[in-house]
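Throughout, numbering of the chain's residues begins at 1 and tracks the sequence.
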Amino acid sequence: MTVSTWPDIFNLSVSRPWLINVLRQMGQQVKWPQKMKAPDSFRNPNFWCDFHRDHGHKTEDCVALKIEVNELLKKGHLREFLYGKARSHLSKETTRKPTEAAPISPPRQDRVIHVISGGSEISGISHAAAKKRTWNAKHGLEAAKQKRLLLGTDEISFKAKEQEKVLTLHHDALVISLTVANFLVKRILVDNGSPGNIIFQAAYMVLGLEENALTQRTTPLIGFSGEVKQTAGEVTLPVYAEGVNMSTKFLVVDCDSSYNMILGRPWIHGMGAVPSTLHQMVKFPTPWGIKAIIGDQEYSRSCYQTTLKGKTKVV
């Protein structure tokens, strides 16, 4: 698990135009995005982004710029432009002991997005890799590997009173909302039956991320009837949950869905989380205690209805 403790773009003391000029002077150290791929009809011609060198959104609202600046800060660049308080915070964080960790504040939410088998996280991208992992499990070869210690020592449990606000009797899926790359993303399915984290192409486009942000790796996903769907690539995005900001790898899938994202076993296990569809919540340990995220049954049922009707556009 990677918990972000670094200052971000909002802690810089320079204006966006000045920042762009600084990035230009850094040359090859900066990963510049390509021009936007979305059709002109989806972009506002009155808004210009200096980072993309294209119209569609304002420079100060550019998610790609924020992600790149955060990466540069982690590598030690741009720190001379941090506010004094942020520099002091960064200095303390680099020497802070793990037991002194504190929850970080929620990131700014620029917009709200209302809106399977396979996956390299589980068994690699080839039949040979999957076969090897199965053989290792059978012979216990991975048992000796050091296991990640879960954050916190409190026991995760669910109480009867936590069902008081749950609509019963129900068989609803667990659908939540989380802040992903500074966007409040709704209609996220928490599915411990999914071996990978999924972001659907429509949601990916609404986030304003460009095609060149993808890692060009094709992964086969296999459906119930054996049909194979190839992913469009992989992308790593920060997912914020109750004080924990975890860098999460998503498989990008170009197909219709009533959900914006699916958080599968890689995210669930990375967080040390325990989801309960019965209690309509997911709980996970943190250094400051057990935290919980409540599911939204209205969204869950709406997604189910949308799927039955065959109308799966993001709303």
If you look at every heavy atom in S194 and P266, which pair is closest and at what distance? O-CD, 4.2 Å
Give the intermediate values and the outcome of side-chain contact (heavy atoms from CB on, under 4.5 Å) for residues M261 and V185. CA-CA 8 Å; M261 297 178 175; V185 182; 4.3 Å; yes
Rounded to the nearest 0.5 angstrom, the CG-CG distance for L263 and N197 is 5.5 Å
Identify the heavy atoms of F284 and I156 that sit nearest to each other, and give their distance. CA-CD1, 4.1 Å
When every non-hydrogen atom of V30 is compared with those of L23, the smallest separation belongs to CG2-O, 3.5 Å
In terms of heavy-atom contacts, does CH2 of W48 have more than 12 from other residues, nucleotides or ligands at under 6.0 Å? yes
Correct closest heavy-atom pair for N44 and H55 would be O-CD2, 3.9 Å
Closer than 3.5 angstrom, by distance alone: can the side chain of T179 be matched with the main-chain N or O of N182 as a donor-acceptor pair? no
Could you check whether any side-chain heavy atom of I293 comes within less than 4.5 Å of a side-chain heavy atom of E242, counting everything from C-beta outward? yes
Hey, any chance L278 and L167 share a hydrophobic cluster, counting ILVMFWY side chains that come within less than 4.5 Å of each other, even indirectly? no
Is it true that, when you exclude Q230 itself, more than 12 heavy atoms of the residues, nucleotides or ligands shown sit nearer than 6.0 Å to its CD? yes
Which heavy atom of R53 sits nearest to which heavy atom of P33, and what is that distance? NH2-O, 3.2 Å
Basic-acidic side-chain contact under 4.0 Å: R43, D54: yes
Is a side-chain N or O of T248 found less than 3.5 angstrom from the main chain of M246, in a donor-acceptor match? yes
Verdict with supporting geometry, L184 and K186, side-chain contact (heavy atoms from CB on, under 4.5 Å): CA-CA 7 Å; L184 177 59; K186 301 188 176 183; 4.2 Å; yes
Side-chain heavy atoms under 4.5 angstrom apart, residues restricted to Ile, Leu, Val, Met, Phe, Trp, Tyr: same cluster for F183 and V112? no
Below 4.5 Å, heavy atoms only, C-beta onward: do Y204 and V235 meet side chain to side chain? yes
Is any side-chain heavy atom of V244 closer than 4.5 Å to a side-chain heavy atom of W288? yes
Side-chain contact test, heavy atoms from C-beta onward, threshold under 4.5 Å: evaluate it for I268 versus V274 and give yes or no. no
Please confirm whether the ring centroid of F47 lies under 6.0 Å from the ring centroid of H57. no
Check whether Y299 reaches the backbone of S302 with its side chain - one donor and one acceptor, N or O, closer than 3.5 Å. no
I'd like to check F200 versus I262 (side-chain heavy atoms, cut-off strictly below 4.5 Å). Are they in contact? yes
With a 3.5 Å distance limit and no angle check, can you tell me whether Q297 reaches the backbone of D172 through a side-chain donor-acceptor pair? no
Rounded to the nearest 0.5 angstrom, the CD1-CG distance for I199 and L251 is 10.5 Å
Classify the ring geometry of H279 against F158: parallel below 30°, tilted from 30° to 60°, perpendicular beyond 60°. parallel
Atom pair CD1/SG of I20 and C62 - distance to nearest 0.5 Å: 7.5 Å
Can you confirm whether V22 sits close enough to F81 that some side-chain heavy atom of one is under 4.5 Å from a side-chain heavy atom of the other? yes
Could you walk me through whether L73 and L82 pass side-chain contact (heavy atoms from CB on, under 4.5 Å), step by step? CA-CA 10 Å; L73 283 168; L82 288 171; 4.2 Å; yes
Do E162 and K283 sit within salt-bridge range, that is, some charged N less than 4.0 Å from a carboxylate O? yes
Looking only at non-hydrogen atoms, find the nearest pair between I188 and L178 and report the distance. CD1-N, 3.8 Å
Separation between OG of S276 and CE of M281, rounded to the nearest 0.5 Å: 8.0 Å
Ignoring hydrogens and angles, tell me if any N or O in the side chain of T231 forms a donor-acceptor pair with the backbone of V253 under 3.5 Å. no
For the CD atom of Q29 and the CG atom of L72, what is their distance to the nearest 0.5 Å? 8.0 Å
Tell me, with the steps shown, if L174 and Q280 meet side-chain contact (heavy atoms from CB on, under 4.5 Å). CA-CA 6 Å; L174 180 56; Q280 282 294 293; 4.3 Å; yes
Value rounded to 0.5 Å, distance of CG in L19 from OG1 in T59: 9.5 Å
Any side-chain heavy-atom pair of W267 and D191 under 4.5 Å: no
Does a salt bridge link R16 with D50, judged by any charged N lying under 4.0 Å from a carboxylate O? no
